[in-house]
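In what follows, chains are A, B, ... by sequence order, proteins preceding strands, each numbered from 1.
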Protein chains: 2
Amino acid sequence: MDDEPDQRPEGRASRRASKTRQRLLDAALYIFNTKGVEGCAIEDITESADVGKGTFYRHFMDKLDILRTLLDFAADDLIKRMPPESSPAISFDDRITQLIQAHLTFFTERSDLFLLFLQGQTMVATRPASLPGLHAPFARYIGAIETRIATSLPAPGLPDQKRQIASLLAAAACGPITVGLSISSSKHDVIKNLDLARQSLLAGVKQLLLK
Amino acid sequence: MDDEPDQRPEGRASRRASKTRQRLLDAALYIFNTKGVEGCAIEDITESADVGKGTFYRHFMDKLDILRTLLDFAADDLIKRMPPESSPAISFDDRITQLIQAHLTFFTERSDLFLLFLQGQTMVATRPASLPGLHAPFARYIGAIETRIATSLPAPGLPDQKRQIASLLAAAACGPITVGLSISSSKHDVIKNLDLARQSLLAGVKQLLLK
DNA sequence: AAGTTTGTTGACGATGTAGTCAGTAGCGAC
DNA sequence: GTCGCTACTGACTACATCGTCAACAAACTT
């Protein structure tokens, strides 16, 4: 994680505090990806961040709280890599390619964040009940894709068609990564498959829109 | 879970034992999908199965062991729904459709197994190190797809092309479900998206094979 | 420099959990 | 019936984990 120094947080004390907070976030990201979210103890995080245990509770309510924060951050990072919302209308093909490309650089540059993102996605998908408030970053993520394809859609489309295509794009981007890694493909193979998925998606969506 | 009574397990005693084992498997499946694999205690499982805690350890080594058993079972179930290995050579389109269809009925009829399968897939993908021996069912799953597309491939194809297409198919089948559920689409919407993914995949793979 | 506020600490009580094991119940053989 | 065997039980030990809190430290204020 590498935020800029935040906007003038007053003095040294509060600067130190945000540094501690950041260390906790970094440590949590690492531990979550190593031992799994539920499989890790708060003390694993504070140990790795080299702070006292009590400090954790000054910055976060509990494990779910810090997980939420990390997933929000991950979603932000991924969304920032997409073309700007107000970007000029380009061909549908190019827009799809841009969006997949955003996932690709996210995966290559911040695979730690992406892996947590995928972990969270599955957690929310399979047992939303026990994870209050965790669906928000994913809804934001799909929403971001939706608005970004809106301006490039060949036809106006039905109300929920945009959402459908956005979901499909997300699946085309996230699916190959999860599947590829689950059978221990190399990162390189995963990336190749992702490009394949892009082509596949493109062809498929065109077909959908023709009807 | 609903196995047939197993092949003649001798007398009533051992029949009672496999019934207990089955109750544990059923309970574990339920609990895993409710509280998450790592978030649940052995006693949650035995409690739900209404057996003593010690009984668990008579049938399974530990939590990872029963999880492995369940994932193996899930993979078997999914594979059984695919067309038989020795099935007649049909068109590539139809074969892809058959395979996606297998996922679809698996999802509609045994969503509990499929959700655990997806959970396991993500666990293995994001942190293989801490989960020894858990990748096997997923390798088996991809292998099953591979052999089933082999006979219908338009061209012989390169050695790892089959694997690539198999991964892509798996992604096209699993991705939309995970993404769909993560933004709390209805089961119906998820199924619709899955069909979209099938079309998309078909178009994309054809394009791949043309080159 | 003295006093106040803010951030950090780790020991602590309470609770949870894994895995064991001596004991019990049910079954099958004779 | 009774003996041996297998399946089952749940109290128990040993340890892990949570979240708190009184004490401490650093940074600000006057």
Side-chain angles (χ1 to χ4, degrees), chain A residues 3 5-28 30-32 34-70 130-133, chain B residues 1 3 5-28 30-32 34-70 130-134:
Chain A
D3 272 326
D6 255 279
Q7 78 286 20
R8 256 341 81 225
E10 291 154 42
R12 177 153 53 213
S14 115
R15 237 178 299 127
R16 185 158 74 105
S18 22
K19 220 165 188 183
T20 301
R21 186 186 151 91
Q22 194 56 45
R23 276 225 305 287
L24 282 167
L25 285 167
D26 290 340
Y30 175 74
I31 300 286
F32 283 168
T34 304
K35 314 181 68 171
V37 173
E38 268 111 347
C40 92
I42 301 292
E43 241 172 326
D44 291 335
I45 297 171
T46 56
E47 200 67 21
S48 163
D50 196 34
V51 300
K53 185 176 180 175
T55 306
F56 177 91
Y57 291 95
R58 167 156 287 269
H59 292 281
F60 304 98
M61 304 254 293
D62 54 17
K63 203 155 61 170
L64 193 62
D65 188 29
I66 195 170
L67 175 61
R68 236 189 325 250
T69 307
L70 280 170
S130 62
L131 300 162
Chain B
M1 318 276 282
D3 273 324
D6 255 278
Q7 80 284 25
R8 251 346 72 224
E10 291 153 42
R12 178 155 49 215
S14 119
R15 235 178 303 124
R16 186 160 72 106
S18 24
K19 220 165 187 184
T20 301
R21 187 186 151 91
Q22 195 54 47
R23 275 227 304 287
L24 283 167
L25 285 167
D26 289 341
Y30 175 74
I31 300 286
F32 283 167
T34 305
K35 313 181 71 172
V37 174
E38 268 110 347
C40 92
I42 300 293
E43 242 173 323
D44 292 336
I45 298 171
T46 57
E47 200 65 21
S48 164
D50 195 34
V51 300
K53 185 176 180 177
T55 304
F56 178 92
Y57 290 96
R58 166 157 288 270
H59 292 281
F60 304 98
M61 304 252 295
D62 54 17
K63 203 158 57 172
L64 194 60
D65 188 29
I66 195 172
L67 175 61
R68 237 190 324 252
T69 307
L70 280 170
S130 61
L131 299 162
L134 220 63

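Pairs of residues two or more places apart, or lying in two chains, that qualify as salt bridge (charged side-chain N to carboxylate O under 4.0 Å, His left out) and include a residue from residues 48-63 of chain A are A:Glu43-A:Lys53.
Considering only heavy atoms from C-beta on, A:Thr46 stays 4.5 Å or farther from A:Thr55 through its side chain.
Rounded to whole angstrom, the span from the CD1 atom of A:Ile66 across to the P atom of D:dG19 amounts to 13 Å. Nucleotide D:dC8 holds its C1' atom 11 Å from the CZ atom of B:Arg23, rounded to whole Å. In this structure, B:Arg21 places its CZ atom 12 Å from P of D:dA7, rounding to the nearest Å. If you take CD of A:Glu43 and C1' of C:dC12, they are 12 Å apart, rounded to a whole angstrom.
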Nucleotide N/O to protein N/O under 3.5 Å, stretch nucleotides 28-30 of chain D:
| residue | atom | partner | partner atom | Å |
| --- | --- | --- | --- | --- |
| D:dC28 | OP1 | A:Arg12 | N | 2.3 |
| D:dC28 | OP1 | A:Ala13 | N | 3.4 |

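Applying the ring pair (Phe, Tyr, Trp, His ring centres under 6.0 Å) criterion to A:Phe60, with sequence neighbours excluded, gives A:Phe56. Scanning for side chain to side chain contact (heavy atoms under 4.5 Å, CB included) contacts around B:Lys35 gives B:Ile31, B:Cys40, B:Asp44, with sequence neighbours left out. B:Ala49 is linked by a side chain to side chain contact (heavy atoms under 4.5 Å, CB included) to B:Arg23, B:Leu24, B:Ala27, B:Val51, counting only residues two or more places apart in sequence or in another chain. For A:Glu47, the salt bridge (charged side-chain N to carboxylate O under 4.0 Å, His left out) criterion is met by no residue, not counting sequence neighbours.
A heavy atom lying under 4.0 Å from DNA chain C marks the following residues of residues 47-57 of chain A, by number: A:Val51, A:Gly52, A:Lys53, A:Gly54, A:Thr55.
For D:dC8, one of the phosphate oxygens OP1 or OP2 lies less than 4.0 angstrom from a side-chain nitrogen or oxygen of B:His59. Side-chain N/O atoms of B:Arg58 include none lying less than 4.0 angstrom from OP1 or OP2 on D:dC8.
With D:dC8, D:dC18, C:dT8 as the candidates, the nucleotide lying closest to the side chain of A:Arg16 is C:dT8.
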